[in-house]
Structures are given as structure tokens and as C-alpha cells.
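Written out below as C-alpha cells is the structure these notes cover.
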Amino acid sequence: MRIRAQVAMVMNLDKCIGCHTCSVTCKQTWTNREGTEYVWFNNVETKPGIGYPKHYEDQDRWHGGWRLDRKGRLTLRSGGRVRRLTRIFSNPDLPSIDDYYEPATFDRDILVGAPAGLNDTPVKRPYSALTGEPMAVEWGANWEDSLGGAHERADRDPNITRMPPEAAAKVKFEFEKTFMFHLPRICEHCLNPACVSACPSGAMYKREEDGIVLVDQNRCRGWRMCVSACPYKKVYVNHATGKAEKCTFCFPRIEAGQPTICSETCVGRLRYLGIVFYDEDAVLAAASVRDERDLLDAQRDVFLDPHDPVVRQAALDAGMPEEWVEAARLSPVWRLISEYRIALPLHPEYRTLPMVWYVPPLSPVLDATGAAGRDDTDADDVFHTIRDLRIPVEYLAELFTAGDADAAAGVLMKLAAMRSYMRARTLDGTVAQELLEGIGMTGEQVEAMYRLLAIAKYDERYVIPTAYTKDAAALEAQATASDGCSLDCEGGPGMGGSDGIKAVTERFHLVEDGGDRVRVGRRELVTRRPDGRIGLTIDPSDRS
């Protein structure tokens, strides 16, 4: 067993109101630069819908993620090294700007400087932020917001096309017959990232200490294979620098023990951050299970119980600080995923083992139970109504359980039972024992789950240890080496040269070698020049 720590996130979709505050603050923090006008590290989609970029979930078209070959071995959908080499200068699996959207700007001076006495009101017309030419705005990152345009395109949602015909027939796009919910998306920082394995130059890497997936800007050559390989299409190309960029999980904030900017500013308080321990030796086997519907349980089995004394001692023996071990024990993410088992991964069938999970939305089940003429205080009636909710269980199953409707319904039953149980406790103090038996949980567990989902405080939702104590001096030196932010340099975050060692880190990435995945590790000396730029000096790699 090789124990590792991963910073992970869970989002409670029942609490997302689609305000896009997380998207805007992320945009202002990370991608408000030239070359990233079309880039949204965080975006909020309305489901059902085709998403951003268009149809990103259709892997028959984009060939992202992993698949099993005839021998049961894990291979990239985008092909091996030879196939990728033949497409290195012309990649048909690369989304175009039309699949994202062409960013627009407006001539503000037409309004501000318009002379008095005009017969017609001056109008700001859109111009392309890329070419400067007049354009018509016909698509955007949140074009389908709150079902806008759903009657035109939402029926082509890949999740609907994969549903059984009888279930797909339940999805209506008529007024008062449709449904919607909001789905915030960031990079999944997967345990088995396809983007890392597909990168020809080794610029994509997964950090040893916290599992965050980043791009080494000095090594990136703009081959864009990472964009094709990512099934979530959360790797972008800065058209000004020609380099790949992606969500950084706000690692400077994480290292300081602070939540990501999207979590910090979330109006609905729907995000949870914490440490998850996992067995690195079990990752490949979990991603290689035959049946896609077994991937959910296989990934859960990779996670280690931080309350187990053996696991805690193994973490300490691996060099993890006591603070990290304690943070893993208090992690809200581990509780939602492994203890309460109500959080689900986004598209586990991509076999990347994503580490951003979701609590699926629950329609007004008690109202639906009463409308169907059933008793909303009876556990059997409530559970039977789960299959008849406005949001079809089959649709949620396509998103979160690789089509396993029973697994998705089981989560909804726990959420519905929690609501009924807490309502009974609040009104007359009764303990609904039948509900507890139906979901296999104790009253203490249900009340703890309710507190975490509904009224948890800041320090309960975000349990993030600070960076390793042994690196504290080096990190402090980086922060104080110049007057400006260490990431504020030419070309954006991560660009720079070299002079003066400030810190040492170990990184690794996965490559394909004769059909096998090889772990390549290296020591990197994080450096800073007098002008404040960051650079890397890379020791010779070792293959293991």
C-alpha cells in the first residue's frame, strides 16, 4: 500500500442557485488576461443541455478519457503515442472556437461620447475580442442558463441520447413539463488523469503532496493533446502564449490553508473541501474494472479510512504531517463520499477517477408523494415516489453512476429519508425508525449528515491543512521575494525564468510505453529571478 493524500471537492447540487458568482470570481482571479477570453476554469451549466464546450460529454466524437482494449488493458481513447504523433499538427479531436464560443466586446465610447440631439438611440454593437470584427453573439459559456434555448438544442444532450427510450420519453421541453438543475464544473484533478498521460512533453503533472494537476509552462509546447484527452474539456490553450492552461485548484490558497476562490465566494455554500487518503497501488485496478457500473464502488474502495489506526500510522510513516492526518479525519469530503455515500463522481465511465464529486439534486419528493395520493410520512410511499420525480433518476444515473439507476435512486432515498426524518424530529420529536432501517443509517448519522449539508459552518465545510512545515521557509521566501504577486508576470500564471533556489518539490506524470503506463518522477528546484519571475531546474528523471 502506497498511501497518498488528495485535496478533493464535493458540491451539493440541491443548493446551487445558478448565480455564476463562482465563475465570475474565478475568471477575475485566473483568466482575465489576453489569450484567455474564452476560457472558464469554472463554469455553471444548466442541465439538461449540451454544455460548454458543445457536446463535451460525447466521447464518440471527442475521444476523451480512457477505455479498455480487447485484453482488458487501460488505453487512452485518443490513441497511443504513434497515433497521437500522426495527428500532432492536425488534430480532428480538438474543439474549435465555435464549440466554445467566440468572445465579444462592445464599443462603450459610442454611448459615452454620443453627441446630444440624436434622433436614434446609440447602441453598443458586439465586436469579436479575437479579430476585432463585428459579429453576432450566437453562443456562450452559459448560453443555456436556466433552460435558455433548451427547446432548440437540449434534446441533443448526450445524457438524454444514452438513456433508455422509455426513460428519455419522460424528458419534456415544454413549459411546466420540463426540469432543470445547475451543474458547476471545474477540473476534476483526477487520480488517473488522461491529460497527464497524453502530454507529449510531460508538461502536465500531478503533484505528489496534494494530487493537484497542473501545467509546467516551461515544458509545455502547445501540442494540445491534453485538450483532446480530457473528457471534461477543462484544459484550454492560451492563444496568446500557445501554452495549455487549466484550473489550478487555487493551489496558492490551498497551500495557505484557504479554500479555492470559487468555494470562498459561493453564495449557496454548496462546496466542501477536504483531504482524502487513497492507495496509489490500487488506482490502476480500480480504473480497469470491466463493468462501467462497478467503477463507482471501485473508486470508493481506493479511498482509505482516516479513522483507521493502521491508515493513520501509514500516513505518518509516509512522511505526512500530523496536521494532514488530522485534517483527513475531519474531512467533510470523505464523510460525504465514503461514510454517508451520497456524493457521486461526474461520469465515472471516463475511467479517470475524478476527485470533484456531487450530491445529486432531489426534486420536491414530499410534494410529489402527496400529489400522487400517497402518504408522505410513510417510508415506502416516499421511496416509491423517487422513481417518479420531475428530474428522472435515469438522467442523473447517466451523469453520475455510468447509467446505474439503482445507485442514483439509493442516494436520492437517503436524501429523502433525511428530510422526512428531520421534519418528524422538528415537529413532534419522533424518531422515524422505519426510515432509518430503510437506508441503513443510525439517527446520529442522519442528523450529522443533515448538519453537514444544511447548516455546517465555514470550518466544517473547508478542512484544509497548510503546506508542509518543512517547506514553510521556502514558501515564505517565494512570497516575499518581490513586491508583486509571484504569479503576476508576463503571459500569466506560472511563466518565468530561473535564478536562486527557493524550494524543492517532487512531481510525477504517467506516460505510455509499449501499452503500459510508466510513472516518471523528477525533482524540481523552484527558483526566482531578481525580476520576480519563477523558473524550474529539473534533475534527470528516474523511471519506475
Side-chain angles (χ1 to χ4, degrees), residues 9-18 179 181-182 184 263 266-274 300 307 329-344 357-393 396 400-401 406-463:
M9 179 183 290
V10 171
M11 302 190 211
N12 183 2
L13 298 184
D14 252 342
K15 301 174 74 174
C16 183
I17 61 175
F179 69 91
F181 62 92
H182 299 290
S263 301
C266 177
V267 173
R269 300 182 179 182
L270 61 98
R271 301 185 187 228
Y272 302 82
L273 284 168
R300 280 197 176 120
H307 299 88
R329 187 183 69 82
L330 300 174
S331 172
V333 172
W334 184 85
R335 281 190 284 163
L336 292 171
I337 293 175
S338 297
E339 182 178 351
Y340 306 144
R341 302 174 74 87
I342 58 172
L344 301 171
W357 289 44
Y358 297 86
V359 177
L362 179 64
S363 304
V365 61
L366 299 183
D367 291 345
T369 304
R374 298 169 178 164
D375 183 0
D376 61 10
T377 63
D378 184 89
D380 288 337
D381 283 356
V382 172
F383 289 163
H384 281 104
T385 309
I386 293 292
R387 293 285 186 172
D388 301 322
L389 295 179
R390 173 168 288 188
I391 302 177
V393 173
L396 297 176
F400 301 119
T401 60
D406 290 338
V411 172
L412 297 182
M413 288 177 182
K414 287 187 177 182
L415 296 175
M418 179 191 71
R419 292 186 183 184
S420 297
Y421 177 87
M422 293 306 300
R423 185 177 69 165
R425 291 281 288 165
T426 303
L427 293 179
D428 54 21
T430 59
V431 176
Q433 193 61 40
E434 290 186 11
L435 287 172
L436 298 177
E437 294 174 355
I439 59 175
M441 297 178 68
T442 66
E444 292 77 10
Q445 285 179 313
V446 170
E447 292 189 29
M449 182 170 71
Y450 164 77
R451 175 178 177 81
L452 185 58
L453 291 177
I455 58 175
K457 303 300 182 183
Y458 186 94
D459 57 353
E460 295 175 279
R461 290 182 285 121
Y462 310 134
V463 182

Checklist outcome for this item: Result for side chain to side chain contact (heavy atoms under 4.5 Å, CB included) between Leu453 and one of Leu415, Leu270, Asp14 points to Leu415
Item to check | Distance-minimising heavy-atom pair for Arg390 and Ser363 | outcome: N-OG, 3.9 Å
Checklist entry - For Val393 and Ala409, which heavy atoms make the closest approach, and how far apart are they? => result CG1-N, 3.9 Å
Checklist entry - Given Met9 and Ser263, is the side-chain contact (heavy atoms from CB on, under 4.5 Å) satisfied, shown in steps? => result CA-CA 9 Å; Met9 179 183 290; Ser263 301; 3.4 Å; yes
Item to check | Side chain to side chain, Met418 and Met441, heavy atoms closer than 4.5 Å | outcome: no
Checklist entry - Would you say Arg425 and Val431 make side-chain contact, with heavy atoms under 4.5 Å? => result yes
Item to check | Gap between atom CD1 of Ile439 and atom CE of Met413 - 0.5 Å precision | outcome: 11.0 Å
Checklist entry - Given the rule in the side-chain contact (heavy atoms from CB on, under 4.5 Å) test, do Lys457 and Arg451 qualify, once you have shown the distances and angles that lead to the verdict? => result CA-CA 9 Å; Lys457 303 300 182 183; Arg451 175 178 177 81; 4.2 Å; yes
Next on the checklist: Less than 4.5 Å apart, side chain to side chain, heavy atoms only: is that true for Leu362 and Ile386?
Outcome noted: yes
Checklist outcome for this item: Shortest non-hydrogen pair, Tyr340 vs Ala448, comes out as OH-CB, 3.4 Å
Checklist entry - Of all heavy-atom pairs between Pro361 and Ile391, which one has the smallest distance, and what is that distance? => result CG-CD1, 4.0 Å
Checklist entry - Leu452 and Glu460: which non-hydrogen atoms are nearest, and at how many Å? => result CD1-O, 4.2 Å
Checklist entry - With a 4.5 Å heavy-atom cut-off, do Leu336 and Trp357 have their side chains touching? => result no
Checklist entry - Atom NE2 in His182, atom CE in Met11: separation rounded to 0.5 Å? => result 14.0 Å
Checklist entry - Should Phe400 and Leu13 be marked as a side-chain contact (heavy atoms from CB on, under 4.5 Å) after you check the CA-CA gap, both sets of side-chain angles, and the distance that decides it? => result CA-CA 12 Å; Phe400 301 119; Leu13 298 184; 3.7 Å; yes
Checklist entry - Mind checking whether Tyr358 and Leu344 have side chains closer than 4.5 Å, heavy atoms only? => result no
Item to check | Side-chain heavy atoms of Val411 within contact of Thr401, under 4.5 Å | outcome: no
Next on the checklist: Can you tell me how the ring of Phe181 sits relative to the ring of Phe179, calling it parallel under 30°, perpendicular over 60° and tilted otherwise?
Outcome noted: parallel
Checklist entry - Is it true that a side-chain atom of Tyr450 and a backbone atom of Tyr421 form a donor plus acceptor pair closer than 3.5 Å? => result no
Checklist entry - If you take all heavy atoms of Pro184 and Arg271, which pair is closest and at what distance? => result CB-NH2, 3.6 Å
Checklist entry - Taking it one step at a time, do Val446 and Leu435 satisfy side-chain contact (heavy atoms from CB on, under 4.5 Å)? => result CA-CA 10 Å; Val446 170; Leu435 287 172; over 6 Å; no
Next on the checklist: Working to the nearest 0.5 angstrom, can you tell me the gap between Ile455 CD1 and Arg461 CZ?
Outcome noted: 12.0 Å
Next on the checklist: Working to the nearest 0.5 angstrom, can you tell me the gap between Arg329 CZ and Arg335 CZ?
Outcome noted: 10.0 Å
